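Everything numeric here is computed off the predicted structure, so don't read it as measured data.
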Amino acid sequence: MPTVAREGPWRCFFYSHEGTEPPHIHVARERLEAKFWIEPIALAANNGFSAHELREIQRMIKARQRFFLEAWHGYFGYQS
């Protein structure tokens, strides 16, 4: 599972077997994890984050959206 970025307390990463799904990023802190679609940005799954922290994570993803998309396509390639 390649780590793409670390932002504050969060580690942002992909699972290497998920390249057939639309672009998304997993964000983890301690035992908490969430999955966000990158374009458009939307919560796909949450395992323990509070609503407040999810909003903070979503703002972080929005600020780095282009970076995450480029990292996704760089790792998995472009799918049609």
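Smallest separation of non-hydrogen atoms from Glu21 and Trp72: O-CZ2, 3.3 Å.
Note: Phe76 CZ to Ser16 OG = 6.5 Å, rounded to the nearest 0.5 Å. If you take CZ on Phe14 and OH on Tyr75, they are separated by 9.0 Å, rounding to the nearest 0.5 Å.
For the pair Glu33/Val27, no side-chain contact is recorded, criterion being any heavy-atom separation below 4.5 Å from C-beta on. Within the 4.5 Å cutoff, the side chain of Val4 has heavy atoms near those of the Ile25 side chain. Side-chain contact check for Trp37 versus Pro23: every heavy-atom pair is 4.5 Å or farther apart.
Legend: residues meeting side chain to side chain contact (heavy atoms under 4.5 Å, CB included) with His17, ordered by chain and number and at least two apart, are Tyr15. Checked against side-chain hydrogen bond (donor to acceptor under 3.5 Å, both in side chains), Arg11 has the following partners two or more places apart in sequence or in another chain: Thr3. Glu53 is linked by a salt bridge (charged side-chain N to carboxylate O under 4.0 Å, His left out) to Arg29, counting only residues two or more places apart in sequence or in another chain. The side-chain hydrogen bond (donor to acceptor under 3.5 Å, both in side chains) check on Glu56 picks up His52, with sequence neighbours excluded. Under the side chain to side chain contact (heavy atoms under 4.5 Å, CB included) criterion, Ala34 pairs with Phe36, Leu43, Asn46, Phe49, Leu54, not counting sequence neighbours.
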List the atom pairs, with distances to 0.1 Å, where a side-chain N or O of residues 58-66 and a protein N or O form a donor-acceptor pair under 3.5 Å, not counting sequence neighbours.
{"unit_1": "Arg64", "atom_1": "NH1", "unit_2": "Glu7", "atom_2": "OE1", "d": "2.8"}
{"unit_1": "Gln65", "atom_1": "NE2", "unit_2": "Ile38", "atom_2": "O", "d": "2.7"}

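Listed by first and then second residue, the salt bridge (charged side-chain N to carboxylate O under 4.0 Å, His left out) pairs that reach into residues 40-49 come to none, sequence neighbours excluded.
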